[in-house]
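Take a look at the structure below.
Each chain gets a letter, A, B and so on, in the order its sequence line appears, and its residues count up from 1.
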Protein chains: 2
Amino acid sequence: MAQKVKLSTIAETLGVSTATVSLALRDSPLVAVSTRDRIKEQARALGYIYNRRAASLRTSRSGIIGVIVHDIMNPFYGEILKAIESELDRSQYTFILSNHYDSVEKQRNFIETMLQLGGDGIIMSPAIGSPPEDLELAEENGMPVILVARTIDGVTLPGFRGDDSYGISLATNHLISLGHKVIAMVGGTDQTSTGRDRYQGYVNALRKADIEVLPDLRIPGPRTRQGGFEAAVHFLSLPQKPTAAVCWNDLVAIGLMNGIARAGLVPGVDISVTGYDDLEEASIATPALTTVWNGQSEVGRLAARALLDRLAGSHDPDGLHLIKPEMRIRQSTGPLKPRR
Amino acid sequence: MAQKVKLSTIAETLGVSTATVSLALRDSPLVAVSTRDRIKEQARALGYIYNRRAASLRTSRSGIIGVIVHDIMNPFYGEILKAIESELDRSQYTFILSNHYDSVEKQRNFIETMLQLGGDGIIMSPAIGSPPEDLELAEENGMPVILVARTIDGVTLPGFRGDDSYGISLATNHLISLGHKVIAMVGGTDQTSTGRDRYQGYVNALRKADIEVLPDLRIPGPRTRQGGFEAAVHFLSLPQKPTAAVCWNDLVAIGLMNGIARAGLVPGVDISVTGYDDLEEASIATPALTTVWNGQSEVGRLAARALLDRLAGSHDPDGLHLIKPEMRIRQSTGPLKPRR
DNA sequence: CTGAAAGCGCTTACAG
DNA sequence: CTGAAAGCGCTTACAG
């Protein structure tokens, strides 16, 4: 590579000052149009590459936004990311993506890296057990934080997620209305607000229908396709013989249905299964999955908007914004059959 | 936020020079241990945040590695990314992830952004139709590029991917050995090297077995679960009545199996289906998918290593490194049945 | 409309 | 083992 071309190279070859070049390249109205055109033309001809580090050091804005979630390979987060990406795409921000896999340490590392890079803001789905101090560290150093999908007790940052308790009650009520009485809940964990809310929504719906809540009918843990698949054995061997399962999410539901099918039963006929999220693949599962839309696209879009607004100076009210989930009835649920 | 703490703040409060602080924080042996400890302690106490932009401006190394692929939500790329991530995790690099969705423009933007940020290197799966100049732009500016999953004609950068032609012939031969003679190929595109290689591998395997190659048996296009699902209608209405399908990848195969099941046929019994990639979900599909392992984890690991080596100064030979695919026989393929 | 100069916060020879 | 000083490549008052 040849000699590095910088602002001053352009300035010298054109006999103007670096100040003029700097202004011209950023389309400042202070520079005469003819000068600007000459400068831009020269920049192109020389193959000039703008040095964002230098600019950022001077202005203390980096144009970088950090996004960290549990796992970008999980389509639930993937759909949120896609919405964030398309919202940020129109702006001039570059975004840095990362997984924390629920490691508080990885998350802290990420926040620190963003701080070191002078990141302008962070959108995050906090790791299980995130200490509020870690998030405050960002805010205290002038880097705003927006929460998605999960919230943390004792933290009042702006947050966007679905109304889990309400959403899971939609699924549970749907099964109850089909005549099911022995309904298991498969997957999830009490360690997240989401996990607690969904279990609570399930419990509430059963109680309201005067159905006894049996702790054994809860199979906690699974959160992936693989987890749901493996839980099928446990599910099918429950002595109470559940006729339906409210699953933690679509992935668990799809895995569970595969496991049920392997055992020779027909999901949607012998056993009713509901998912949660309404991922793109829910509708093409076999059978097509009855599930609850969890507003991923809205969560991502609103979070990105909120951050952009905040960076533009406006200060929206903090606190939680709940997206209202919606029921999507398909073929994985059906009326209660006579005892199996 | 209080007054910004910088190197000089630490230096002043301790009565030493910034040079000493800088060296101490980076564990230079030039600094006395006692001095170093005092400095580190003070940095912690003051809540010092290292300014990477300033350092990077000075050293012209940023510690940033860019990774761009077609779509991180596609599990095939997800698995590659995971391998890259775990390899890079041990190093001190931050990585910036992005999708190009096969838009050459998005890809060029990404390369330019990396250049502006002073990125140390890029790992990429190039967009369809990538002009060699775009990749050369990076190299010319001192930013090394490593290719994964796809390569580009006329570009001699180091590249890592599976041996597609060989791999697809494994799948095709497996079906032939089960007695199938009317074998369709579902998905993929001629616009990528991968697409051309896989089709060629399929054609070669058929020819070698003296089976006529019928162009109508190729259903190009699908690359996703949704695409495979939708292709089922076309597949099932082919006048030649294929008894087996060699699919572009696992996602297409899973989608196709779902579509076949919807039509009342049993994949693995009525119609044999092979996938490609051996994603994590291949083994839990129903039926478990017969497929070809495409070495995602190896591709990611080796690419990351190659870049790290290059950044450390060693200059590995350029050119293509092919990973040898392996057959994974499961339940989605079976012996030819009497005519359906 | 344009230029001269200071400064963002580091690191790196260089000197002692 | 430590310090004084220059410089990375920008942007921003300030002056004209």
Side-chain angles (χ1 to χ4, degrees), chain A residues 1 3-40 42-43 46-64 92 113 115-120 141-142, chain B residues 1 3-40 42-43 46-64 92 113 115-120 141-142:
Chain A
M1 84 202 190
Q3 198 63 292
K4 189 80 138 257
V5 177
K6 41 191 174 175
L7 268 194
S8 63
T9 317
I10 303 177
E12 280 164 25
T13 58
L14 248 34
V16 297
S17 73
T18 58
T20 303
V21 176
S22 172
L23 292 169
L25 291 179
R26 283 172 299 137
D27 287 319
S28 162
L30 287 175
V31 179
V33 178
S34 64
T35 315
R36 190 208 296 168
D37 290 348
R38 265 171 58 224
I39 291 174
K40 288 199 161 187
Q42 181 75 317
L46 294 175
Y48 169 66
I49 289 171
Y50 179 67
N51 187 327
R52 295 234 295 219
R53 293 168 290 178
S56 162
L57 180 58
R58 181 59 227 254
T59 61
S60 70
R61 301 201 77 197
S62 63
I64 292 178
Q92 272 303 25
T113 300
L115 247 15
Q116 295 181 353
L117 291 172
D120 292 335
N141 285 281
Chain B
M1 82 205 193
Q3 199 60 295
K4 189 79 137 257
V5 177
K6 40 192 175 174
L7 268 194
S8 62
T9 316
I10 303 178
E12 280 165 25
T13 59
L14 248 34
V16 298
S17 74
T18 58
T20 303
V21 175
S22 173
L23 292 168
L25 291 179
R26 281 173 299 139
D27 287 319
S28 162
L30 287 175
V31 179
V33 178
S34 65
T35 315
R36 189 209 298 168
D37 290 347
R38 264 171 59 225
I39 290 173
K40 287 198 163 188
Q42 181 73 320
L46 294 175
Y48 170 66
I49 290 170
Y50 179 67
N51 187 327
R52 296 233 294 221
R53 293 168 289 177
S56 162
L57 180 58
R58 182 59 227 255
T59 62
S60 69
R61 300 199 78 197
S62 64
I64 291 177
Q92 273 303 24
T113 299
L115 247 17
Q116 296 181 352
L117 290 171
D120 291 335
N141 285 280

**Study point:** Secondary-structure string, 5' to 3', Watson-Crick or G-U under 3.5 Å, | for another-strand partners, for DNA chain D
**Key:** |||.||||||||.|||
Mind checking what makes side chain to side chain contact (heavy atoms under 4.5 Å, CB included) contact with [X], not counting sequence neighbours?
X     : value
A:A19 : A:S17
B:T13 : B:Q42, B:L46
A:A55 : A:Y50
A:L7  : A:V21, A:S22, A:L25, A:Y48

Practice item. List in numerical order all residues of residues 9-16 of chain A for which some heavy atom is under 4.0 Å away from an atom belonging to DNA chain C. Key: A:G15, A:V16
Study note, to complete from the structure: With sequence neighbours left out, the residues meeting side chain to side chain donor-acceptor pair (under 3.5 Å) with A:R61 are A:Y93
**Study point:** B:S8: partners by side chain to side chain donor-acceptor pair (under 3.5 Å), with sequence neighbours left out
**Key:** none
Study note, to complete from the structure: In 5'-to-3' order, the base (B), backbone-only (S) or no-contact (-) status of each nucleotide in nucleotides 6-16 of chain C, using a 4.0 angstrom heavy-atom cut-off, is BBBBBBB----
Where at least one partner belongs to [range], residue pairs that pass salt bridge (charged side-chain N to carboxylate O under 4.0 Å, His left out), sequence neighbours excluded:
range                     : answer
residues 14-34 of chain A : A:D27-A:R36, A:D27-A:K40
residues 7-25 of chain A  : none
residues 16-25 of chain B : none

Revision key, fill the gap. Closest heavy-atom pair, B:S62 versus B:D120, reported as atoms and distance to 0.1 Å, is N-OD1, 3.1 Å
Review point. Does a side-chain N or O from A:S17 land closer than 4.0 Å to OP1 or OP2 of C:dG3, or not?
Key: yes
